[in-house]
Structure formats: structure tokens, C-alpha cells
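One structure is given here, and the rest of the page talks about it.
Everything quoted here is computed from the prediction, not taken from an experiment.
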Amino acid sequence: SNAIYDAAYKIVAALHNILLTLSRTWFPFLARNKDKHYIYAFITISISLISTILLSLMSEFIISIIYPTEYKESIEVLRVLAFMPLGLAFVNVYGINFLIIHNKQSLMRTITLSTSIIGFLVSIVLVKYFSYIGVPYAIVGTTWVCGLFMYISSKFVTKRNSKCSF
């Protein structure tokens, strides 16, 4: 069952590395031009949304051309993990490339640590009841919750900064 999960995860990890490269490329520009964050957010979230849709719709095809028939169960895992790029986009856009640029590393660290601990505990329960398919649900859920909290935090930071500028 570990190989089934790992086969699907490798595909999503490769896509994540591409998106992470995009994130790291934009970081120096955004550090100097905070007002251009919306451009980066639009590009990254759009690419991630398209990736999520394509991975979800093409899971069976992707697994069948990369892996032998023994990995057919990886299709279901990939369909779940297909939603991870969009969650990671929110982590990158509103965490790494927003909260850090606005000197909120401590807030980002707290969100990351809290959601990771909760995700770990949830994964223990999900694996017990759902075997290997529980892991992707836990990972995707944790990623989305982390991204959501970073998005909400970025809105509070933006709101507070706009009040301070008057």
C-alpha cells in the first residue's frame, strides 16, 4: 500500500516542485514590489487550478502511462492528491510570498506548526479506519486548512497595514 500511495505522490511532488520554483522566482520581486502581489497570486492560483483540474480528470491516464497495471489503485490516490496543488498555491501565495514579506514569519510558523500537528493526529485516525487512502485525505485537508489560515491572516495584515498608513 505504501507503493500505491508513493506512486501517486511522486506525480504531485513533481508538479509541486515546478510551482515552488515559480514561487521562489517571484519572491525577490515581491519583496521590492509588495503592491504587485495580486499579479503573482493570479498567475500561481490559475496555474494551480488548471493543474488540479487536469490531474483530477486525467488521473487514470497518467497512472496508466507511467506505471504498470499493479499500480491501478494509485488512480484513486492521485484523484485525491490532485487537490493538493491548489492548497499549496494558497500556502505559497499568502504564506511564503506574503506573510514573510510583511515580516509575519512568526504567524506563518504558528499556522504551519498548528495545522501540521492537527494533520498528523487526523492522519493517524484516517489510516486506522481507511488504510492508505486516509493519508492523502489527511495531507490534502491539512494543506487546504493551512492555506486557508494563511489567506485569512494575509487579509488581516492587509487590513491592518492600510489602517496604519493614514
Side-chain angles (χ1 to χ4, degrees), residues 1-24 26-27 30 37-38 40-57 59 62-63 71 73-161:
S1 62
N2 189 38
I4 293 167
Y5 169 78
D6 195 49
Y9 185 78
K10 285 180 182 178
I11 295 166
V12 175
L15 180 60
H16 174 62
N17 285 333
I18 293 167
L19 295 172
L20 199 54
T21 302
L22 177 67
S23 173
R24 290 178 179 162
W26 275 82
F27 187 85
L30 293 172
H37 184 265
Y38 71 96
Y40 164 70
F42 177 78
I43 292 170
T44 302
I45 292 172
S46 296
I47 291 171
S48 298
L49 179 61
I50 291 166
S51 301
T52 293
I53 292 168
L54 289 176
L55 274 178
S56 182
L57 294 175
S59 296
I62 293 168
I63 294 294
Y71 288 89
E73 292 177 69
S74 295
I75 295 167
E76 184 180 1
V77 176
L78 184 57
R79 284 190 178 129
V80 175
L81 289 176
F83 292 90
M84 197 166 160
L86 193 54
L88 288 169
F90 276 82
V91 171
N92 287 332
V93 169
Y94 298 105
I96 296 168
N97 285 313
F98 188 89
L99 294 177
I100 289 178
I101 288 172
H102 287 86
N103 292 321
K104 301 294 180 189
Q105 297 91 330
S106 176
L107 176 59
M108 185 178 154
R109 187 174 333 134
T110 301
I111 293 169
T112 304
L113 182 62
S114 303
T115 55
S116 296
I117 291 169
I118 292 167
F120 176 72
L121 297 173
V122 168
S123 70
I124 291 171
V125 173
L126 291 177
V127 168
K128 181 178 179 179
Y129 291 104
F130 301 105
S131 184
Y132 67 90
I133 199 66
V135 174
Y137 280 108
I139 290 174
V140 170
T142 301
T143 303
W144 273 83
V145 169
C146 186
L148 178 65
F149 277 114
M150 289 186 185
Y151 172 77
I152 292 167
S153 298
S154 74
K155 295 304 168 192
F156 279 115
V157 168
T158 302
K159 190 174 184 180
R160 191 167 43 170
N161 284 347

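Separation of atoms NE2 (His16) and OG1 (Thr143) is listed at 9.0 Å; rounding is to 0.5 Å. Atom CD of Glu76 is separated from atom CD1 of Ile63 by 11.5 Å, given to the nearest 0.5 angstrom. The OG atom of Ser154 sits 6.0 Å away from atom CG of Leu99, with the distance rounded to the nearest 0.5 Å. Atom CG of Leu107 is separated from atom OG1 of Thr112 by 9.0 Å, given to the nearest 0.5 angstrom. Note that CG of Asn103 and CD1 of Ile101 are 10.0 Å apart. Values are rounded to the nearest 0.5 Å. Taking CG from Leu121 and OG1 from Thr142, the interatomic distance works out to 9.5 Å, rounded to the nearest 0.5 Å.
Open room surrounds NZ on Lys10; 12 or fewer heavy atoms of other groups in view lie less than 6.0 Å from it. Sparse packing is recorded around OH of Tyr151, with 12 or fewer heavy atoms of other residues, nucleotides or ligands lying under 6.0 Å away.
Side-chain atoms of Val145 and Ile118, non-hydrogen and from C-beta on, never get closer than 4.5 Å to each other. At a threshold of 4.5 Å between non-hydrogen side-chain atoms, the residues Leu88 and Ser48 do not count as touching. Taking the side chain as every heavy atom from C-beta outward, Val135 and Leu126 never approach each other to under 4.5 Å. Looking only at side-chain heavy atoms (C-beta outward), Trp144 and Val140 come within less than 4.5 Å of each other. Between Ile96 and Arg24 the shortest side-chain heavy-atom distance does not fall below 4.5 Å.
Listed by chain and residue number, Phe98 satisfy the ring pair (Phe, Tyr, Trp, His ring centres under 6.0 Å) test with His102 (two or more places apart in sequence, or in another chain). Phe83 pairs by the ring pair (Phe, Tyr, Trp, His ring centres under 6.0 Å) definition with nothing, not counting sequence neighbours. Checked against side chain to side chain contact (heavy atoms under 4.5 Å, CB included), Val91 has the following partners two or more places apart in sequence or in another chain: Cys146, Met150. By the ring pair (Phe, Tyr, Trp, His ring centres under 6.0 Å) test, Tyr5 is found to be paired with Tyr9, residues two or more places apart in sequence or in another chain being considered.
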Applying side chain to side chain contact (heavy atoms under 4.5 Å, CB included), run through Met84 and Ile139 and close with a yes or a no. CA-CA 8 Å; Met84 197 166 160; Ile139 290 174; 3.7 Å; yes
Chi angles and distances behind the side chain to side chain contact (heavy atoms under 4.5 Å, CB included) call for Leu78, Leu55: CA-CA 7 Å; Leu78 184 57; Leu55 274 178; 4.2 Å; yes
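Leu19 approaches Pro85 most closely through the heavy-atom pair CD1-CB, 4.1 Å. When all heavy atoms of Ile133 and Pro136 are compared, the pair lying nearest together is O-CD, 3.2 Å.
Of the possible polar contacts, one joining the Ser74 side chain to the Ile4 backbone as a donor-acceptor pair under 3.5 Å is found.
A side-chain contact (heavy atoms from CB on, under 4.5 Å) with Ile47 is found for exactly one of Ile18, Leu22, Thr52, namely Leu22.
The side-chain hydrogen bond (donor to acceptor under 3.5 Å, both in side chains) contacts involving residues 115-134 comprise Glu73-Tyr132, where partners must be two or more places apart or lie in separate chains. Screening residues 92-101 for side-chain hydrogen bond (donor to acceptor under 3.5 Å, both in side chains) gives Ser23-Asn97, Tyr40-Asn97 as the qualifying pairs, with residues at least two apart or on separate chains.
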